[in-house]
2 protein chains.
Amino acid sequence: MPGHRSTPYAILGLLRMAPMSGYEIRKELASDTEYFWSESYGQIYPALHELKAHGWARRRTAHAEGGRGRQTYAITAKGREALDRWLREPPRSSPPRNELLLKLFLADREFLDPPEIWIRQLLVDEAERLRKLRRLQDQLPRGKHRHPNLRFWLFSLEHVERQSEAAVAWCQKTLAALALLQQAQTRRRAAAHRRHLFE
Amino acid sequence: MPGHRSTPYAILGLLRMAPMSGYEIRKELASDTEYFWSESYGQIYPALHELKAHGWARRRTAHAEGGRGRQTYAITAKGREALDRWLREPPRSSPPRNELLLKLFLADREFLDPPEIWIRQLLVDEAERLRKLRRLQDQLPRGKHRHPNLRFWLFSLEHVERQSEAAVAWCQKTLAALALLQQAQTRRRAAAHRRHLFE
DNA sequence: TACACCATGTAAAATGTTACATGATTAG
DNA sequence: CTAATCATGTAACATTTTACATGGTGTA
């Protein structure tokens with residue numbers, strides 16, 4: 001497994017919890033880890049083939065001859081070793097890319113309305129995310145979920161929660177600041193209009 | 001300019017502030033926007049050629065015949081229009097990918113030391129980032145920098161600042177929780193050791 | 001029967017980083 | 001003279017998304 005790509009390891013990590021199909025992996029990633037990790041089918045299926053080719057996972061074809069049925073993958077001993085090695089390496093952080101902040105940075109004076117709409121939208125989204133997150137945090141400990149390391153999962157969710165809270169607070173403060181700027185702009189324009197009328 | 005790639009527009013945005021060379025663009029992106037945006041040379045130079053091909057930027061070859069000298073790019077009227085259109089579109093957000101949180105999620109019970117080291121490191125990094133950020137926020141308003149929209153730049157920096165603060169708080173809380181877990185683990189192991197001795 | 005969802009996969013395009021090649025200019 | 005920095009660029013590789021193709025299974 002060359003390169004320092006994390007996709008195969010993310011999948012391997014899920015397989016260590018339980019044998020799974022590509023479709024199920026997708027679902028897990030779209031629910032349990034949606035706040036900090038995701039993969040598309042275009043990544044998952046090729047990665048599963050690689051894992052099999054490396055002997056890190058075993059494939060079992062459930063019912064139906066000819067290979068079209070459901071394919072379940074299980075981690076192997078070699079796979080466990082590889083996963084352990086990877087888990088011990090320090091996590092890599094990706095270069096920051098936040099298009100909203102870039103657009104704010106590049107925006108022109110007098111360009112107030114679009115940012116206001118985006119930030120309002122972000123506020124709605126983050127508030128909704130926080131609600132879902134807190135519901136999940138509540139359900140997790142008492143729920144049907146038996147994650148091998150619930151405690152660490154909760155650490156991860158708490159990180160996301162704090163990021164979301166910070167985003168909400170920023171939105172509120174920035175919307176207030178924008179409202180003041182808009183008032184000033186409106187007054188300036190009205191004054192210009194009056195000057196125009198009486199000239 | 002096909003696709004919804006933001007690189008050419010980020011560059012165009014810088015060119016609207018002042019004509020610049022590829023090298024200078026790199027430097028701006030590595031200082032002014034380092035906290036929320038960056039580009040590598042491998043992106044910048046091809047993008048500049050595309051901008052020129054689209055008539056969104058004009059190139060002037062400074063001194064030296066033969067094309068090897070410094071190449072300065074300036075935005076054109078068409079470029080301004082394109083940038084304006086792009087700036088009005090809502091920002092796209094990228095799917096979340098945080099390898100630290102993924103590793104925590106995948107970690108095994110009893111696997112306490114590596115996460116502790118990573119989080120300690122993150123705490124150091126975020127604290128340093130906060131210091132630099134706050135120094136920048138202080139210098140910006142009174143400094144030599146005459147950004148066309150200082151106010152919005154500060155909004156962006158404030159977003160990063162709040163994210164950093166949230167990260168620092170999470171690190172501290174999580175380190176404390178980990179320390180408790182480690183103590184419990186040590187006690188468990190000592191007990192096992194005593195059982196072993198007296199058996 | 002039709003619709004929703006289960007399920008696997010590929011190809012192409014888009015996107016991005018890294019390493020390298022090349023040479024000029026400037027400060028000590 | 002030498003090292004650092006200025007400066008432009010390309011090729012190879014790595015990564016990721018998107019769109020498409022294909023068909024099964026359960027249920028109203």
Side-chain angles (χ1 to χ4, degrees), chain A residues 1-11 14-15 19-31 33-34 37-53 57 59-73 92-99 102, chain B residues 1-11 14-15 19-31 33-34 37-53 57 59-73 92-99 102:
Chain A
M1 203 67 60
H4 36 70
R5 171 170 66 133
S6 27
T7 298
Y9 296 100
I11 292 172
L14 291 180
L15 292 184
M20 254 180 267
S21 67
Y23 190 81
E24 285 172 308
I25 286 169
R26 178 67 222 270
K27 282 218 306 189
E28 294 290 319
L29 290 172
S31 59
T33 69
E34 60 170 324
W37 203 266
S38 70
E39 303 283 359
S40 59
Y41 286 127
Q43 293 262 88
I44 292 169
Y45 286 112
L48 283 171
H49 298 322
E50 285 172 58
L51 290 178
K52 188 180 173 244
R59 175 161 75 172
R60 182 179 297 181
T61 302
H63 53 74
E65 326 265 305
R68 44 317 224 97
R70 186 180 138 86
Q71 313 287 319
T72 306
Y73 292 80
R92 312 212 135 264
S93 58
S94 37
R97 287 204 135 188
N98 184 323
E99 211 180 275
L102 174 66
Chain B
M1 204 67 61
H4 36 69
R5 172 168 67 133
S6 26
T7 297
Y9 296 100
I11 292 172
L14 291 181
L15 293 183
M20 255 180 266
S21 67
Y23 190 81
E24 285 172 307
I25 285 168
R26 178 66 221 270
K27 283 218 306 190
E28 294 290 320
L29 289 173
S31 59
T33 69
E34 58 169 328
W37 203 265
S38 71
E39 304 282 0
S40 59
Y41 286 129
Q43 293 261 90
I44 291 169
Y45 286 112
L48 282 170
H49 298 322
E50 285 171 57
L51 290 178
K52 189 182 173 241
R59 175 161 75 171
R60 181 179 298 181
T61 301
H63 54 75
E65 326 265 303
R68 47 316 223 96
R70 185 181 138 89
Q71 312 288 319
T72 305
Y73 293 81
R92 312 211 136 263
S93 57
S94 37
R97 288 205 135 189
N98 184 323
E99 211 180 274
L102 175 65

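In what follows, chains are A, B, ... by sequence order, proteins preceding strands, each numbered from 1. Everything numeric here is computed off the predicted structure, so don't read it as measured data.
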Write down the atom of B:Ile11, the atom of B:Ala47, and the distance for their closest heavy-atom approach. CD1-CB, 3.6 Å
Quick one: label A:Arg59 by what it contacts on the DNA or RNA (base, sugar-phosphate, nothing), any heavy atom closer than 4.0 Å. sugar-phosphate
In terms of side-chain heavy atoms of B:Gln43, which of D:dT10, D:dT17, C:dT17 is nearest? C:dT17
Just jot down the side chain to side chain contact (heavy atoms under 4.5 Å, CB included) partners of B:Gln43, sequence neighbours excluded, or say none. A:Arg97, B:Thr7, B:Glu39, B:Ser40
Roughly, in whole Å, what's the span from CD1 in A:Ile25 to P in C:dT8? 9 Å
N/O (side chain, B:Ser40) to phosphate O (OP1/OP2, C:dG16) under 4.0 Å: no
At 10 degrees resolution, what angle do the end axes of the helix from C:dT1-D:dA28 to C:dG28-D:dC1 form when each is taken over five base pairs? 20°
Could you walk me through whether B:Glu24 and B:Arg70 pass side-chain contact (heavy atoms from CB on, under 4.5 Å), step by step? CA-CA 10 Å; B:Glu24 285 172 307; B:Arg70 185 181 138 89; 3.0 Å; yes
Under 4.0 Å: is that the gap between some side-chain N or O of A:Arg5 and OP1 or OP2 of D:dA14? no
Short side-chain N/O contact from B:Arg26 to OP1 or OP2 of D:dT8, under 4.0 Å: no
Report the residues that fulfil salt bridge (charged side-chain N to carboxylate O under 4.0 Å, His left out) with A:Glu28, sequence neighbours left out, ordered by chain and then residue number. none
What is the distance, rounded to the nearest whole Å, between atom CZ of B:Arg92 and atom P of C:dT15? 11 Å
Suppose we screen for side chain to side chain contact (heavy atoms under 4.5 Å, CB included). Which residues come up paired with A:Tyr23, at least two apart in sequence or across chains? A:Ser21, A:Lys27, A:Tyr41, A:Tyr45
So B:Arg5 and B:Glu50, side-chain contact (heavy atoms from CB on, under 4.5 Å) or not? Walk me through it. CA-CA 12 Å; B:Arg5 172 168 67 133; B:Glu50 285 171 57; 2.6 Å; yes
On DNA chain D, check which nucleotide each of B:Tyr73 and B:Arg97 is closest to and give me the residue with the more 5' one. B:Tyr73
If I take atom CH2 in residue A:Trp37 and atom C1' in nucleotide D:dT16, what distance separates them, rounded to the nearest angstrom? 12 Å
Non-neighbouring partners of B:Ser6 that pass side chain to side chain contact (heavy atoms under 4.5 Å, CB included), sequence neighbours left out: A:Glu99, B:Trp37, B:Trp86
Got a sec, which residues hit side chain to side chain contact (heavy atoms under 4.5 Å, CB included) with B:Pro46, two or more places apart in sequence or on another chain? none
Measure the distance from CD on A:Glu50 to P on C:dT10 and round it to the nearest whole Å. 11 Å
Compare the minimum distances between each of C:dG9, D:dT10, D:dT16 and the side chain of A:Thr7, then state the nucleotide with the smallest one. D:dT16
All N/O contacts under 3.5 Å from nucleotides 5-7 of chain D to the protein, with atom names and distances to one decimal?
{"residue": "D:dC6", "atom": "OP2", "partner": "B:Tyr23", "partner atom": "OH", "Å": "2.5"}
{"residue": "D:dC6", "atom": "O5'", "partner": "B:Tyr23", "partner atom": "OH", "Å": "3.3"}
{"residue": "D:dA7", "atom": "OP1", "partner": "B:Arg70", "partner atom": "NH1", "Å": "3.3"}

What is the distance, rounded to the nearest whole Å, between atom NE2 of A:His4 and atom C1' of D:dT16? 15 Å
Results of salt bridge (charged side-chain N to carboxylate O under 4.0 Å, His left out) for A:Arg59 - residues two or more places apart only: none
Roughly, in whole Å, what's the span from CE in B:Met20 to P in D:dT8? 12 Å
